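A short write-up of the structure that comes next.
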Amino acid sequence: MTGHANRPTQAAATLAAVALLVALPANAQVDLGTEEQQAAGKVVYDKYCGQCHGDTGDGNGYATPRVKPKPRDFTTGTYKFRTTPNGTLPTDDDLRRIIEIGAPYTSMPGWPNLTSAEIQNVIYYIKSFSSAFENPDRYAEPIEIPRPLESTEESVARGRVVYEEQGCAACHGEVGRGDGPSAPTLVNDKGDPIRAADLTQRWTYRGGPTKEDIYRTFSTGLNGTPMPSYADSLEVEDRQDLVSYVYSLGDGDDPNYGTLITAVYSEEPIDLQDGETLDALFESAPMTRFPLVGQITEPGRNFFPPVTSIEAQAVYNRDEIAFRVRWHDLRADTSGRNNPSLEVPTWDEDNGIGGDAADDTGDDFFGDAGGDDFFGDFGGEEAPAEDDFFGDSGDDFFGDGGDDFFGTAEAGAGGAEFSDAVALQFPASLAPEETPELKPYFLYGDAQNPVDLWFVNLTYGVADTFRGRGSDAIEPTEADVVEAVTSYDQGAWTVTYKRRRSSRAGVSFAEEQYTPVAFSVWDGFNRERGNKRALSSWFYVYTEPSVEQAVAGPVLRAALIVLVVELLVVFLVRRRARQKAAEEAASGGTLTATEAPAV
């Protein structure tokens, strides 16, 4: 068991066990393993888990100040992601699932390398941190999950009504992007700011993206968060319709990240001020989604930024090229300052040991940027013990705890110090043809290979250009004029850039050319600025040829060539036959030229 100092006698232990079995409900499963199993689990725990979750399971390991979201405190015995009813303990299978696969977009990785026996022993050891697992009243059978409904128009429409009646839009927004009017004020049971989940990005759901996963969470709720259980307030059919609606808000269980923007040609002028025509122009351009990660290499480290992906398109005409980028954000932060060269305090000061001690979030229904919500998380604030999967103050699979999603308490309250911002990054010049794979350092370039930044501070909505030769060497430049227009609508930023295709001092966009491109996004609410940002690696823009070669032309040319060759062969064969006939006739043969075989 858990190794109490004064053990009862064997007889007393037997009587106690019998009494316990009598008292247990029929569905209770008190299984804490043997001392040998717990000891074996401790070996695995100390090797893989204790650095973050602490030697005693309290979430205070030596790596905790460097981890975001902060590790779970197992001593509370409260777990968020369960198949069991609200307020009860998870099953061993619930714990096993998260240990094996981890929690998307948090600091909790999956451990598929562990054997089944190792995972089971770790579960026994984790249970030893809390006496809750000795209490039979905390156990219950998993809920019943019905077969999912087909997402018909009728089911989705009924689910939308339930969504409205239950007030889901107040937190998650009218279209589910986590931008509801209450979203900036949400807190967990500890009073830590949290972020409502983006229901349109199912791949971030930490509880799982399937209809069964969503139904389960509607039914079990998330302890310690504003997300309740609907098991008693909604009938099964209503919950199924709500699942249909929430599921319809996303475009897939997987983000389907790409690596290439295809710039398509148009004869139309690119007028940034004519929104309707501009939208129609981009309708012909394919959209590609790219992953964003935190900048963790240089000072200003940002382990779990709230923005985890960005979508991009491109169009061009004879003279100009335009890029459109789009990403989801809790709110539009259009006050304050931002700049790619703003100095950021050292990581210790700005992320967890002082300074921005609240740089995470999430304890909301479907997950969120850092906290402890149902599906996913992007960042990591300390969530209450009740509210996390394993129970406690964190927001990552095994917990979380400290830094609040949004940055600091001040940022959570106002967020006015820093604004939202975005930048496109291109090499200042393309690599030689013999080494096309060479690119500048993706963190603002380097001294030998500079980069150009098309930066938009969304306070002003205009584009500024910078030349970067490293994170500590970024200077404004006016070599090329870049224009931009911006808009924010229901939790989504859209920024459209335009520049001449040819450049006086930077990269030009020739047809059939592959041009490296990278992205950076700053969330003002999370106090991101300078090198503290979400960013991508290098990807490519391919400028399609402006005139597609007609298929009929090459086919006709090939047919004419074949015809000419055939006629030539026929002519040569017939001429040789006539020559042979003439020779035989001259020598007294029986064939004449007119009797030569036809071809």
Side-chain angles (χ1 to χ4, degrees), residues 149 151-188 193-207 209 211 213-222 224-235 237-251 306-308 326-334 361-379 387 405-406 412 415 420 487-494 523 525:
L149 293 178
S151 293
T152 62
E153 291 184 7
E154 293 77 12
S155 176
V156 171
R158 291 193 301 266
R160 172 67 186 181
V161 173
V162 177
Y163 185 87
E164 294 172 347
E165 291 177 344
Q166 297 301 314
C168 303
C171 297
H172 297 287
E174 289 297 324
V175 295
R177 295 187 185 124
D179 63 309
S182 299
T185 65
L186 294 178
V187 296
N188 60 24
I194 59 175
R195 182 174 178 177
D198 186 338
L199 306 184
T200 68
Q201 297 182 343
R202 290 200 301 270
W203 60 89
T204 65
Y205 293 2
R206 290 188 296 146
K211 289 184 176 181
D213 295 325
I214 300 171
Y215 180 91
R216 182 191 66 240
T217 299
F218 283 147
S219 302
T220 63
L222 298 176
T225 79
M227 176 60 196
S229 165
Y230 290 101
D232 297 328
S233 59
L234 290 178
E235 298 293 336
E237 293 77 9
D238 291 332
R239 278 177 273 163
Q240 288 184 303
D241 289 334
L242 184 57
V243 168
S244 293
Y245 175 67
V246 168
Y247 196 81
S248 73
L249 297 176
D251 59 3
V307 182
T308 59
R326 190 176 192 233
W327 71 97
H328 295 180
D329 198 345
L330 167 73
R331 71 177 193 183
D333 290 291
T334 55
T361 172
D363 143 10
D364 148 353
F365 166 42
F366 278 139
D368 115 297
D372 97 10
D373 66 347
F374 167 48
F375 293 98
D377 144 357
F378 299 93
D387 177 324
F405 170 69
F406 301 117
D420 293 338
S487 67
Y488 180 84
D489 180 50
Q490 295 185 310
W493 271 114
T494 300
D523 179 32
F525 199 31

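Just so it is clear, the values below take in all heavy atoms, side chains as well, and ignore hydrogens, waters and symmetry mates. Worth saying up front: this structure is predicted, and the values here are computed from it rather than measured.
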Legend entry - Donor-acceptor contact present, side-chain S229 to main-chain S219, <3.5 Å: yes
Legend entry - Over all atoms of both residues, closest heavy-atom pair of E174 and A169: OE2-CB, 3.7 Å
Legend entry - Nearest heavy atoms of G207 and R216, plus distance in Å: O-NH2, 2.6 Å
Inset, instruction - Could you check if a side-chain atom of L234 sits within less than 4.5 angstrom of a side-chain atom of Q166, using non-hydrogen atoms only? - result: yes
Legend entry - Ion pair R158/E154, N-O distance below 4.0 Å: no
Legend entry - C168 SG to R160 CZ distance, which is reported to the nearest 0.5 Å: 9.5 Å
Inset, instruction - Answer yes or no: is there a side-chain heavy-atom contact under 4.5 Å between Y247 and I214? - result: yes
Inset, instruction - Using a 4.5 Å cut-off on heavy atoms from C-beta on, say whether the side chain of W203 contacts that of D251. - result: yes
Inset, instruction - Check whether any side-chain heavy atom of L186 sits under 4.5 Å from a side-chain heavy atom of C171, and report yes or no. - result: yes
Legend entry - Check: D329 main-chain N/O paired with Y488 side-chain donor or acceptor under 3.5 Å: yes
Inset, instruction - Mind checking the CD-OH spacing from Q240 to Y215? Nearest 0.5 Å is all I need. - result: 6.0 Å
Legend entry - Main-chain N/O of F525 paired to R331 side chain as donor or acceptor, under 3.5 Å: no
Inset, instruction - Measure across S244 and S155 and return the closest heavy-atom pair with its distance rounded to 0.1 Å. - result: OG-OG, 2.8 Å
Inset, instruction - Nearest 0.5 Å please: distance from the OH atom of Y230 over to the CG atom of L242. - result: 7.0 Å
Inset, instruction - Answer whether the closest heavy-atom distance between the side chains of W327 and T308 falls below 4.5 Å. - result: no
Report, one line per pair, each donor and acceptor closer than 3.5 Å where one atom sits in a side chain of residues 175-184; sequence neighbours left out.
from: R177; atom 1: NH1; to: D489; atom 2: O; distance (Å): 3.2
from: R177; atom 1: NH1; to: Q490; atom 2: O; distance (Å): 2.8
from: D179; atom 1: OD2; to: G491; atom 2: N; distance (Å): 3.0

Inset, instruction - State the CG-NZ distance between L149 and K211, to the nearest 0.5 angstrom. - result: 7.0 Å
Legend entry - W493 and V307, any side-chain heavy atoms less than 4.5 Å apart: no
Inset, instruction - May I ask you to test the F218-M227 pair for a side-chain heavy-atom distance under 4.5 Å? - result: yes
